[in-house]
Amino acid sequence: MEKRKRKKQILPNNTAVSVLISLILPILLLVFWFVGSNKELFNPSIIPTPHKMWLQLTKMISDGSLLEHIVVSFRRVILGYLLGAASGVFLGVLIGLYTRLNQLFLTLIGLLRPIPPIACIPLFILMMGIGETSKTALIFIGAFWPCLLNTISGIHAANPKLIEVAEVFGKNKFVILYHPLF
């Protein structure tokens, strides 16, 4: 048997070298930002200097407003995700189990699914305002489609023979659905 030649590695397989290489691009971006803002290549009202950003960060940490904003954002994400995932799974189970519902929703899903959630922002602002509701609705949409489509796909991928055996044993649809999951 012929031994295969190993390709020479350009860099040694060393963790320290890997870490240093992964830091090159972020450091170059910071240098570009610093030099660009000092040479006034950027509009300071759009891209502030790194020094101003650092001062604002330390101020927000010291007065507690950073933590407050993080908590509000976290609450918004959790609420939007929970509502979107629960709605997607619930509707996905119904559509996956009942052929008529699948036929009813097939066209609507095909039309709405390709729309990226970010494209809904102007519509949400017009309908719900600029407050928390529109932001939560955007997260809802982002969570809803994957949960809906994966639930439908998972139910359709179930082995029909196993479902038939469960029905022969007198199990209702809820038991058939519940036991493979849990």
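Because the structure is a prediction, the values reported are computed rather than measured.
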Review point. Is any side-chain heavy atom of Phe140 less than 4.5 Å from a side-chain heavy atom of Ser87?
Key: yes
Study note, to complete from the structure: Output for pair (Lys52 NZ, Leu57 CG), nearest 0.5 Å, gives 16.0 Å
**Study point:** Distance flag, aromatic centroids of Tyr98 and Phe105, threshold under 6.0 Å
**Key:** no
Check your understanding: Should the heavy atoms of other residues, nucleotides or ligands under 6.0 Å from CD of Glu132 be counted, would the total exceed 12?
Key -> yes
Check your understanding: Around Phe42, counting heavy atoms of other residues, nucleotides and ligands shown, do more than 12 lie under 6.0 Å from its CZ?
Key -> yes
Check your understanding: Rounded to the nearest 0.5 Å, how far apart are CG of Leu108 and CZ of Arg113?
Key -> 12.0 Å
Practice item. Tell me whether Leu28 is reachable from Leu23 by hopping between hydrophobic residues (I, L, V, M, F, W, Y) whose side-chain heavy atoms are closer than 4.5 Å. Key: no
**Study point:** Derivation and outcome, side chain to side chain contact (heavy atoms under 4.5 Å, CB included), residues Leu91 and Phe144
**Key:** CA-CA 10 Å; Leu91 191 59; Phe144 175 77; 3.9 Å; yes
Exercise for review: Could you give me the CA-CA distance, side-chain angles and deciding distance for Ser37 and Ile47, then say whether side chain to side chain contact (heavy atoms under 4.5 Å, CB included) is met?
Suggested key: CA-CA 8 Å; Ser37 58; Ile47 302 177; 6.0 Å; no
Review point. In Å, rounded to the nearest 0.5 Å, how long is the span from CG of Leu162 to CD of Glu167?
Key: 11.5 Å
Exercise for review: Kindly give the heavy-atom pair with the smallest separation between Ala119 and Pro122, and that separation in Å.
Suggested key: O-CD, 3.5 Å
**Study point:** For the student: nearest non-hydrogen atoms of Ser134 and Gly131, plus distance
**Key:** OG-O, 3.1 Å
Check your understanding: So which heavy atom on Lys171 is nearest to which on Val175, and how close?
Key -> CD-CG1, 3.9 Å
**Study point:** Heavy-atom pair of closest approach, residues Pro48 and Ile46
**Key:** CD-O, 3.6 Å
**Study point:** Interatomic spacing from SG in Cys120 to CG in Leu126 - rounded to 0.5 Å
**Key:** 12.0 Å
Review point. Are Leu101 and Leu104 side-chain neighbours, meaning at least one heavy-atom pair lies under 4.5 Å?
Key: yes
**Study point:** Atom CD1 of Ile130 with >12 non-hydrogen neighbours under 6.0 angstrom
**Key:** no
Check your understanding: Rounded to the nearest 0.5 Å, what separation is found between the CG atom of Leu29 and the CD1 atom of Ile24?
Key -> 12.0 Å
Exercise for review: Could you check if a side-chain atom of Phe34 sits within less than 4.5 angstrom of a side-chain atom of Lys39, using non-hydrogen atoms only?
Suggested key: no
Exercise for review: Evaluate the side-chain proximity of Lys59 to Leu55: yes if any heavy-atom separation is below 4.5 Å, no if none is.
Suggested key: no
Review point. Among the clusters formed by ILVMFWY side chains lying less than 4.5 Å apart, do Leu41 and Val31 turn up in the same one?
Key: no
**Study point:** Arg75 side chain reached by Val71 side chain, heavy atoms, under 4.5 Å
**Key:** yes
**Study point:** side-chain hydrogen bond (donor to acceptor under 3.5 Å, both in side chains) partners for Asn172, two or more places apart
**Key:** none
Exercise for review: Of all the heavy-atom pairs spanning Ala143 and Tyr81, show the shortest one and how long it is.
Suggested key: CB-CD1, 3.5 Å
Practice item. To the nearest 0.5 angstrom, please state how far the CG atom of Leu97 sits from the CD1 atom of Ile163. Key: 8.0 Å
Check your understanding: Given the rule in the side chain to side chain contact (heavy atoms under 4.5 Å, CB included) test, do Thr49 and Met53 qualify, once you have shown the distances and angles that lead to the verdict?
Key -> CA-CA 6 Å; Thr49 64; Met53 292 288 286; over 6 Å; no
**Study point:** Where Trp145 and Leu112 come nearest, the two heavy atoms and their spacing
**Key:** CZ2-CB, 3.5 Å
Exercise for review: Please examine the side chains of Phe124 and Ile141, heavy atoms only from C-beta on, and report whether any two atoms are closer than 4.5 Å.
Suggested key: yes
Point to revise | side chain to side chain contact (heavy atoms under 4.5 Å, CB included) between Leu79 and Ile139, intermediate numbers included | key: CA-CA 9 Å; Leu79 179 64; Ile139 297 165; over 6 Å; no
Review point. Is Ile118 linked to Ile125 within one hydrophobic cluster, defined over Ile, Leu, Val, Met, Phe, Trp and Tyr using a side-chain heavy-atom separation of less than 4.5 Å?
Key: yes
Review point. With side chains defined as the heavy atoms from C-beta onward, is the minimum distance between His69 and Met60 less than 4.5 Å?
Key: yes
Review point. Would you find more than 12 non-hydrogen atoms of other residues, nucleotides or ligands less than 6.0 Å from His156 atom NE2?
Key: yes
Check your understanding: Take atom CD in Gln103; do more than 12 heavy atoms of anything else shown fall under 6.0 Å from it?
Key -> yes
Check your understanding: Would you say Val89 and Leu82 are hydrophobically clustered, going by side-chain heavy atoms of ILVMFWY under 4.5 Å?
Key -> no
Exercise for review: Could I get the full list of side-chain hydrogen bond (donor to acceptor under 3.5 Å, both in side chains) partners for Thr107, not counting sequence neighbours?
Suggested key: none
Exercise for review: Kindly indicate whether the side chain of Thr136, heavy atoms from C-beta on, has any atom under 4.5 Å from the side chain of Met128.
Suggested key: no
Exercise for review: State plainly whether one hydrophobic cluster holds both Leu30 and Phe32, where clusters connect Ile, Leu, Val, Met, Phe, Trp and Tyr through side-chain heavy atoms under 4.5 angstrom apart.
Suggested key: yes
Sequence neighbours left out, cut at 3.5 Å: what donor-acceptor pairs do the side chains of residues 148-155 make with other protein atoms?
residue	atom	partner	partner atom	Å
Asn150	ND2	Pro146	O	2.9
Thr151	OG1	Cys147	O	2.6

